[in-house]
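On a predicted model such as this, the values are computed, not experimentally measured, just so you know.
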Amino acid sequence: MEAIIIGVLKSAIRLATPYLYASIGETIGQLSGVLNLGVDGVMLMGAFSAFFTVLKTGNLGLGLLVAIVVGGIFGLLIAFVNVTLKAQQGISGIGFYIFGLGLSSLLFRTMIGTVQTVSGFSPLSIPLLSNIPIVGEIFFRQNILVYGAFALVPISWFILNKTPLGLSIRAVGQHPEAADSLGVNIVRIRYLTVIFGGMLSGIAGASLSIALLNVFQQNLTNGMGFIAVALVYFGAWRPLSVLSGALLFSTVNAIQIWIQVKGINIPSDFTLMLPYIVTIVVLAAMAKRYVRPPKALNKPFERGE
Amino acid sequence: MMKCKKNIIIIVMISILVFSLGFGANAKAFRVAVIMPSSINDLAFSQSMYDAMVAIQEEMGKEEFQFVYSESMFVVADAAAAIRDYASEGYDLVIAHGSQYGSSLVEIAPDFPNTSFAWGTTVNTFSDQGITNIFAYEARSEEGGYVSGVLAAKLSQTGIIGVIGPIETGDAKLYVEGFKAGVLATKPDAQVNISWIGSFSDVALASEAAQTHINVGADVLTGTAQMVVGAIGVARQRGVLWFGTQADQTSLAPEVVVANQVYDWTVALKPMIQLVREGTRGGSAYVLTLANGGLKIVVNQEALVRKTIQDIIEGKIDIEL
């Protein structure tokens with residue numbers, strides 16, 4: 001029993017990792033009023049660039065850095081289109097998704113050609129903590145990108161709720177006019193959050209290609225970026241709730257894999273639906289809770305003269 | 001005047017003859033269009049067809065055989081549009097490489113009676129619906145699956161073997177069932193755990209499925225479809241043996257890939273092309289088997305040797321003298 005719980009929860013933590021990076025990045029962007037549906041495309045670009053760098057140099061740190069830079073460049077482009085050009089955010093996001101999917105596939109085709117594997121980040125035991133029975137095995141013998149994803153939750157919570165920058169971000173997303181009149185540079189804040197979100201999406205992709213799967217193929221993310229956006233709504237724009245949403249989805253997914261592997265007699269079509277069913281049920285059960293999206297979400301800022 | 005006309009006719013005849021000699025090969029080139037659900041380098045289903053196209057072209061020459069392809073056509077509606085486009089462009093043979101494209105073919109094929117179509121994996125040519133220009137092809141993947149299953153049972157120390165499949169249908173289902181039968185025929189008390197991913201492309205879930213199989217004690221894994229690259233990565237990392245199918249996957253993890261069942265579609269395509277050239281547009285089904293050479297088992301000795309040495313070092317093998 002103990003081994004089962006450890007196995008399932010370890011799986012869940014790994015599965016949750018890419019979602020966490022992407023969802024937290026998206027949360028911060030949305031709190032400042034920018035909806036970015038291009039997350040999956042940026043993840044793919046991050047995954048490819050990290051993988052390619054590691055394949056050519058063997059340097060994992062450099063691979064991660066390249067993914068962050070590429071994600072940041074995509075974030076900059078997305079911010080330019082959404083904030084400066086004031087494009088319809090839903091549409092432009094889908095555009096960036098398709099662009100990222102196409103470009104990463106093209107680069108993969110021309111620069112790598114066939115599916116290959118690399119040696120990615122290996123598990124890193126944290127001294128003392130990894131020796132705690134069960135808990136240590138589940139949480140503290142993972143790779144560094146897994147730790148990073150979970151560390152991001154309190155860090156982003158702190159920035160959003162306890163710093164002047166966080167206040168500005170939330171103000172820009174709730175009352176841009178008021179923030180503007182108080183001298184907050186709305187364009188700068190939105191560029192900042194969207195670029196940061198892009199960097200985190202880049203890391204989300206790298207967490208797949210050079211830490212968890214250590215492989216790249218076309219459309220590696222398989223739509224994870226869209227689940228990440230859904231998790232932002234599930235988590236009501238709060239990092240801790242986004243974490244619980246990601247963990248819920250991933251844990252049920254890990255359990256359904258285990259149910260199948262153990263040959264428990266439930267049709268696989270049903271077990272595969274479980275993560276989605278449970279998430280929807282929880283969402284419906286909590287629908288009464290007072291959740292309001294940032295008021296300026298999806299609205300370009302026009303200064304009233 | 002009569003003589004002049006005769007001369008003109010002769011000149012025309014000669015020039016036609018010269019033209020057909022000079023450019024005949026090009027005019028008669030057999031042109032094939034392929035629609036594939038994933039990419040040509042997926043180390044699985046689509047690549048097996050692409051490799052067959054390349055092989056036939058190498059054999060027949062670029063003047064005699066030309067092919068074009070559309071890949072990653074996972075949206076059936078897009079694939080249907082592509083099939084129709086290729087048929088309109090006058091290709092001799094349009095191949096819809098995926099069982100999901102069958103219903104589209106039934107719609108399209110009757111509109112282009114002079115074009116041949118082929119699809120797989122199935123043996124249904126729709127001749128019962130009066131359609132005469134569709135070929136079908138299938139791989140008896142359970143045959144290679146059985147061979148791999150026998151080997152897997154011999155190699156497993158724990159007696160637990162994990163299988164990762166995409167969706168319970170087509171050649172994936174045949175392979176998984178054949179593999180299981182091979183294991184159980186060799187080691188009746190072995191445990192074969194099967195998990196389905198519900199997708200051909202979810203690499204992350206396939207990877208976690210492999211982790212879970214290993215966690216419950218599996219020391220040999222297999223799987224089919226293009227998302228298994230995630231599982232192969234895990235097998236490599238955790239030193240668990242892997243059996244591949246559809247294409248040769250050894251390059252992904254030479255340390256652990258023991259054997260692969262490789263599809264050679266040329267066995268189905270060559271007679272198909274022959275028939276089309278002779279004027280038959282469809283109606284027959286071709287099946288790849290071990291007997292006709294359409295299925296091949298590619299064994300990677302390196303993994304076998306390495307695993308045996310490792311097991312002796314770790315004391316898992318007790319050599320009784």
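The CD1 atom of A/I144 lies 10.0 Å from the CG atom of A/L60; values are rounded to the nearest 0.5 Å. If you take CD1 on A/I257 and CG on A/L274, they are separated by 11.5 Å, rounding to the nearest 0.5 Å. Atoms CZ and CG, from A/F48 and A/L101 in turn, are 13.5 Å apart once rounded to the nearest 0.5 Å. Taken from CD in B/Q47 to CD in B/E71, the straight-line distance is 10.5 Å, to the nearest 0.5 Å. Taking CG of A/L44 as the reference point, atom CG of A/L208 lies at 9.0 Å (rounded to 0.5 Å). Remark: B/K180 NZ to B/E142 CD distance equals 15.5 Å, nearest 0.5 Å.
In terms of heavy-atom pairs under 4.5 Å with chain B, the best-connected choice from A/V115, A/T271, A/D269 is A/V115. Of the listed residues B/A231, B/G233, B/S39, the one with more heavy-atom pairs under 4.5 angstrom with chain A than any other is B/S39. Per-residue counts of heavy-atom pairs under 4.5 Å with chain B were compared for A/M224, A/R14, A/Q217, A/Q116; the largest is that of A/R14. Each of B/V163, B/D42, B/L205, B/I167 has some count of heavy-atom pairs under 4.5 Å with chain A, and the biggest count is that of B/L205. For the set A/N214, A/N219, A/I6, A/L15, the count of heavy-atom pairs under 4.5 angstrom toward chain B peaks at A/L15. Counting heavy-atom pairs under 4.5 Å between each of B/I232, B/I197, B/V234 and chain A puts B/I197 at the top. When each of B/Q237, B/E168, B/H213, B/M227 is scored by its heavy-atom pairs under 4.5 Å with chain A, the top score falls to B/H213. Your options are B/G198, B/S251, B/S38, B/A253, and the one with the most heavy-atom pairs under 4.5 Å with chain A is B/G198.
The contact between A/L212 and chain B is made entirely by backbone atoms, counting heavy-atom distances below 4.5 Å. With a 4.5 Å cut-off on non-hydrogen atoms, B/N215 touches chain A through its side chain but not through its backbone. In this structure, chain B has no heavy atom under 4.5 Å from any part of A/V8. Using a 4.5 Å cut-off between heavy atoms, A/V261 touches chain B through backbone and side chain atoms alike. Proximity to chain A is limited to the backbone of B/I194, based on heavy atoms less than 4.5 angstrom apart.
Taking the six-membered ring for Trp and the full ring otherwise, the centers of A/F226 and A/Y97 sit less than 6.0 Å from each other.
Nearest approach of A/A211 to A/L145, heavy atoms of both residues: CB-CD1, 3.8 Å. Closest approach of B/Q226 to B/F200, counting heavy atoms only: CG-O, 3.1 Å. Smallest separation of non-hydrogen atoms from A/L220 and A/V215: CD2-O, 3.7 Å.
Contact of the A/F150 side chain with the A/I13 side chain is registered, since non-hydrogen atoms from C-beta on lie closer than 4.5 Å.
At a heavy-atom separation below 4.5 angstrom, chain B is approached by A/F108, A/R109, A/G113 within residues 102-113 of chain A.
Legend: ring pair (Phe, Tyr, Trp, His ring centres under 6.0 Å) pairs involving residues 244-282 of chain A, not counting sequence neighbours, sorted by first then second residue: A/Y19-A/F249, A/F249-A/Y276.
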